[in-house]
Every structure is written in C-alpha cells, then in structure tokens.
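One structure below.
Order of the sequence lines sets the chain letters (A, B, ...), proteins ahead of strands, with each chain counted from 1.
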2 protein chains.
Amino acid sequence: MSFTRAVLPEHIDAEFKVGESPQHHRGELRLWLRLLTVANLIEAEIRKRLRERFGTTLPRFDLMAQLERAPEGIFLGELSRRMMVSNGNVTGLVERLVQEGLIERQVSERDRRAALVRLTDHGHTVFAEMARAHSDWVAELLSQLTAEEQKALWSKLGDLKLSVHAATQPRAEAGTTEEDR
Amino acid sequence: MSFTRAVLPEHIDAEFKVGESPQHHRGELRLWLRLLTVANLIEAEIRKRLRERFGTTLPRFDLMAQLERAPEGIFLGELSRRMMVSNGNVTGLVERLVQEGLIERQVSERDRRAALVRLTDHGHTVFAEMARAHSDWVAELLSQLTAEEQKALWSKLGDLKLSVHAATQPRAEAGTTEEDR
DNA sequence: GCGAAATAGTTTAAGATTAAAAGAACTCGT
DNA sequence: ACGAGTTCTTTTAATCTTAAACTATTTCGC
C-alpha cells in the first residue's frame, strides 16, 4: 500500500502552476495551462527527434514545409506571414538554409526589393524524408486517441480558435472564410 | 454570390501547412497543427500584452508564478524541472529578475552548490497585479466557450497528454500518480 | 517627373533557449 | 579520510525570436 504514492512524485509539469488568481477564472486558466503543456510536450519531443535524427530544427523544418507546398517559390514576406513569425526571423532562417543548400533565393526582376525562395532539388529530397518521419512521430504521439477522439478534439480546438480570433480581431463580422482545411 | 469567397482569402495560419505526408497520418497531423496554432495564437497574445502593459516577458512571468506558490523559495533545479526548461535557461532568467529586484537568490548553507530563489516583497506586489491581468486575458480569449465546452476540452487534452506520455516515457506502467490538479 | 508614402527586406540589440562541457560541492564506500 | 561518482549550477556556442530602426525600391498623387 505505502509505495503507490511514494515511488514517483514526479510529473511536476508546467501545469503545476495553476492557481494564480484567487478564485476568478480558474477553469479558463486550467484549460490554458493544460493546452500549453500538451503543446509544449509534443513540440519538445519533435524538436528533439528532428535534431537527433536529422540535425535540424523545427523552424527550419516548418520553413521547408511551407516551401514544399509552393513549387513556384514564396516571397519572404509571405513566408513570414504564413509562419507567423517576424520578417527578421525569416531572413536569418533563410540565410542558414541557403547555406546548407536546401533552399535558394532569387531576387525578383519586377521588384528588386523582393526575393523568392524555393526548395532546391536536394532540399526536396531531404524534406521528403523528414516529412515522412515527422508524420510518423506525430501519429505515434497521438496514437492513444481513437480517430473519433481526434476528430472531436480537433473540432473543439476549432471552437477555441474562433474564440481567440473573436477576442483579438475586433473586425470582420461576416463569413470568416476559414482557410483551414 | 460571387464575393462571399473572394473578399478575404486571409486567415493563412500555420495550419495552412498540413498535407506533408501523402495520405498516411493526415488526421493526426491536422490535429497537431491546429493544437499548435491555437496555443501559439494565445501565447502570442499574452506575450504581447505582458510586454505592452508590464514590460515583461512570458518566461519571467512563468518563473514568478512558480515562485508565488512557494513562499519558502525554490531551488534552481526544481524550478528548471517545473518550468520544463534547461538549467542554463533558468540561470539567465533568474539573473535578470534579480537585477530587476523582483526576486532574490540565497545560497543554501547546508549545500553551497544550491541556491534558493524567492519573490521579494516588491516581486509579490508586482506579480499580483500581473496575475490578475493575465487571468482576465485568458478568460477573455476563451470567453466564447461555455463552461461545459471548456471542461470537455480540458478532459480531452488530458487524454492527449496521457497519449504523449505513453509514447515518450517507456517506463512506469504502474499508477502514474498524475500530479495534475 | 517629383517627392511623399508605402512596401520588402535587412540589421541591430536584447532576450530566450538548448545541449554540452566545465566547475564546485556533496555523498558514500571502504 | 580518500577518491569515485553524483548533483547543483554556470558557462559556452549556436540558434531562434522579436521590436525597432534602417535601406532600398516601388507606387501614387499631382
């Protein structure tokens, strides 16, 4: 009886941090903390595996993932928007990926401020391999959920996403055209 | 009819990135992408507000939140574990917060390697104000969900958390003692 | 055409983050 | 006590990140 509780008091997550506010919005905080914790847990695992098996990082992988869907190339600004990171950030990432020969930059003829980036052939090859592994990893991490549970969770997260958008973007009350797939 | 679709093709999220893998684990990827996107959306908004209104950052806030629950102080290692970040990271954060007079370090007498950190009086005061605002912000961002929806989402995220743990921690098949509240 | 304003990217300064190596102090067996 | 091994923390080198300032270029009003 005794050691059930004593053996591993571990599992002291970030979630352990709840309770800031006296009583007010406890449920919301708890939900947010858990969401954050789970996302971090998965992200950390994926980062670790990307580093160990491919010697790369999540931001680089994400950038390449964006490029893969746009064979004709993407301008840096558009890339920045899609990745939801700053322009300066993209500048640096692109620099390193060009260095590694995975992507290439090409200044636009019609607008010499703008530059298009796209995967090189080598980049395509490398990314294909990484994407396969990445996909498998995610599936592995979520494997305890049934397809139905996944679907339900996905749907509820959609509601949450709408709630966040509603609270952060005062505008656009019309049909939001969720480009979501 | 025509402009319903044309007006705002916006909302090009990180979620726009799905579809890496040909067919394999599409559902899982989609779920993970949405989870990540939502978490990032909320986190970005909170970071922004913390910076704008309090001139601070999320990691500093998180660190203080941990300390607030431990009036007697916490050792750096324990802090690192609870925040789920590296030791070196904590070293730097603590440095800056000490600099700002919000927390204090105290080398342990019994073990001169270890140092206890705790909030200063000023730190307590400042944190209380930030925590209240933070709590309100989170509640605001989640406000479109009913209490029931929140609860359901929280529960499903718990299942997901278990799934991730199962896939990342090969050990401990016994009662996992989820220190979760 | 001209100059103002807008746009695309880069640079800069500061911070956050990690893994790996190093330093310092403690524990324990003998 | 002695030294091996462990533990707590810091340091280091690299990357990622952002906001703000800056450069170069384009667009637009007139």
Side-chain angles (χ1 to χ4, degrees), chain A residues 14 36 39-41 43-64 73-100 102-103 105-117, chain B residues 14 36 39-41 43-64 73-100 102-103 105-117:
Chain A
L36 183 58
N40 284 164
L41 231 40
E43 197 176 314
E45 185 65 21
I46 291 176
R47 280 179 192 275
K48 185 177 142 208
R49 296 187 185 189
L50 277 176
R51 181 176 48 75
E52 289 177 350
R53 310 225 187 139
F54 295 107
T56 193
T57 66
L58 193 49
R60 291 177 198 200
F61 177 79
D62 285 346
L63 196 155
M64 292 179 77
I74 308 184
F75 287 104
L76 290 185
E78 177 61 16
L79 201 46
S80 159
R81 240 166 289 134
R82 293 199 190 175
M83 294 179 70
M84 302 198 290
V85 300
S86 70
N87 277 354
N89 193 351
V90 170
T91 296
L93 287 171
V94 164
E95 217 165 67
R96 285 168 220 124
L97 286 169
V98 167
Q99 207 58 223
E100 298 179 42
L102 295 169
I103 69 176
R105 289 180 51 118
Q106 184 182 358
V107 174
S108 168
E109 311 250 326
R110 22 198 341 283
D111 183 345
R112 281 178 327 211
R113 295 167 302 182
L116 218 51
V117 281
Chain B
L36 183 58
N40 284 163
L41 230 41
E43 196 177 315
E45 186 65 23
I46 291 176
R47 280 179 191 274
K48 185 176 142 210
R49 297 189 185 187
L50 277 176
R51 180 175 47 76
E52 288 176 352
R53 311 225 186 139
F54 297 106
T56 193
T57 65
L58 193 49
R60 291 177 198 202
F61 176 79
D62 284 347
L63 196 155
M64 292 179 77
I74 308 184
F75 287 104
L76 290 185
E78 178 61 15
L79 200 48
S80 159
R81 240 166 290 135
R82 292 198 190 175
M83 294 179 71
M84 302 197 290
V85 300
S86 70
N87 277 353
N89 193 351
V90 170
T91 295
L93 287 171
V94 164
E95 217 165 67
R96 286 168 218 124
L97 286 169
V98 167
Q99 208 57 223
E100 298 178 43
L102 294 169
I103 68 175
R105 290 180 49 121
Q106 184 184 356
V107 174
S108 168
E109 310 251 326
R110 23 199 338 285
D111 183 346
R112 284 178 326 213
R113 294 167 304 180
L116 219 51
V117 280

Respond yes when some side-chain nitrogen or oxygen of [X] is under 4.0 Å from OP1 or OP2 of [N], and no when none is.
X      : N      : value
A/R51  : C/dT18 : no
B/R112 : D/dC8  : no
A/N89  : D/dC16 : no

Between B/L93 and A/K48, just flag the one whose closest nucleotide in DNA chain C comes earlier from the 5' side.
B/L93
Anything under 3.5 Å between a protein N or O and an N or O of nucleotides 6-9 of chain C, put it in a table, one pair a line.
| unit_1 | atom_1 | unit_2 | atom_2 | d |
| --- | --- | --- | --- | --- |
| C/dT7 | O2 | A/R113 | NH1 | 2.3 |
| C/dG9 | OP1 | A/L76 | N | 3.3 |
| C/dG9 | OP1 | A/A115 | N | 2.9 |
| C/dG9 | OP1 | A/A115 | O | 3.2 |
| C/dG9 | OP2 | A/G77 | N | 2.6 |

B/E43: which residues meet the salt bridge (charged side-chain N to carboxylate O under 4.0 Å, His left out) condition with it, sequence neighbours left out?
B/R47
Take atom [atom1] of [X] and atom [atom2] of [N], then tell me their distance rounded to the nearest Å.
X      : N      : atom1 : atom2 : value
B/R47  : D/dA19 : CZ    : P     : 10 Å
A/L63  : D/dT15 : CG    : P     : 15 Å
B/L79  : D/dT10 : CG    : P     : 11 Å
B/I74  : D/dC8  : CD1   : P     : 15 Å
A/Q99  : D/dT15 : CD    : P     : 10 Å
A/D62  : D/dC16 : CG    : P     : 11 Å
B/Q106 : D/dC8  : CD    : P     : 18 Å
A/R110 : D/dA24 : CZ    : P     : 22 Å

Between A/V85 and A/V90, is any pair of side-chain heavy atoms under 4.5 Å apart?
yes
In Å, rounded to the nearest 0.5 Å, how long is the span from [atom1] of [X] to [atom2] of [Y]?
X     : Y     : atom1 : atom2 : value
B/R51 : B/T56 : CZ    : OG1   : 11.5 Å
B/N40 : A/L36 : CG    : CG    : 9.5 Å
B/R60 : B/L50 : CZ    : CG    : 11.0 Å

Indicate, with a heavy-atom threshold strictly under 4.0 Å, whether A/V85 touches base, sugar-phosphate, or nothing.
sugar-phosphate
Taking any heavy-atom pair under 4.0 Å as a contact, classify A/S80: base, sugar-phosphate, or nothing.
nothing
Counting heavy atoms not belonging to A/E52, are there more than 12 under 6.0 Å from its CD?
yes
Nucleotide N/O of nucleotides 2-5 of chain C paired with protein N/O under 3.5 Å:
none

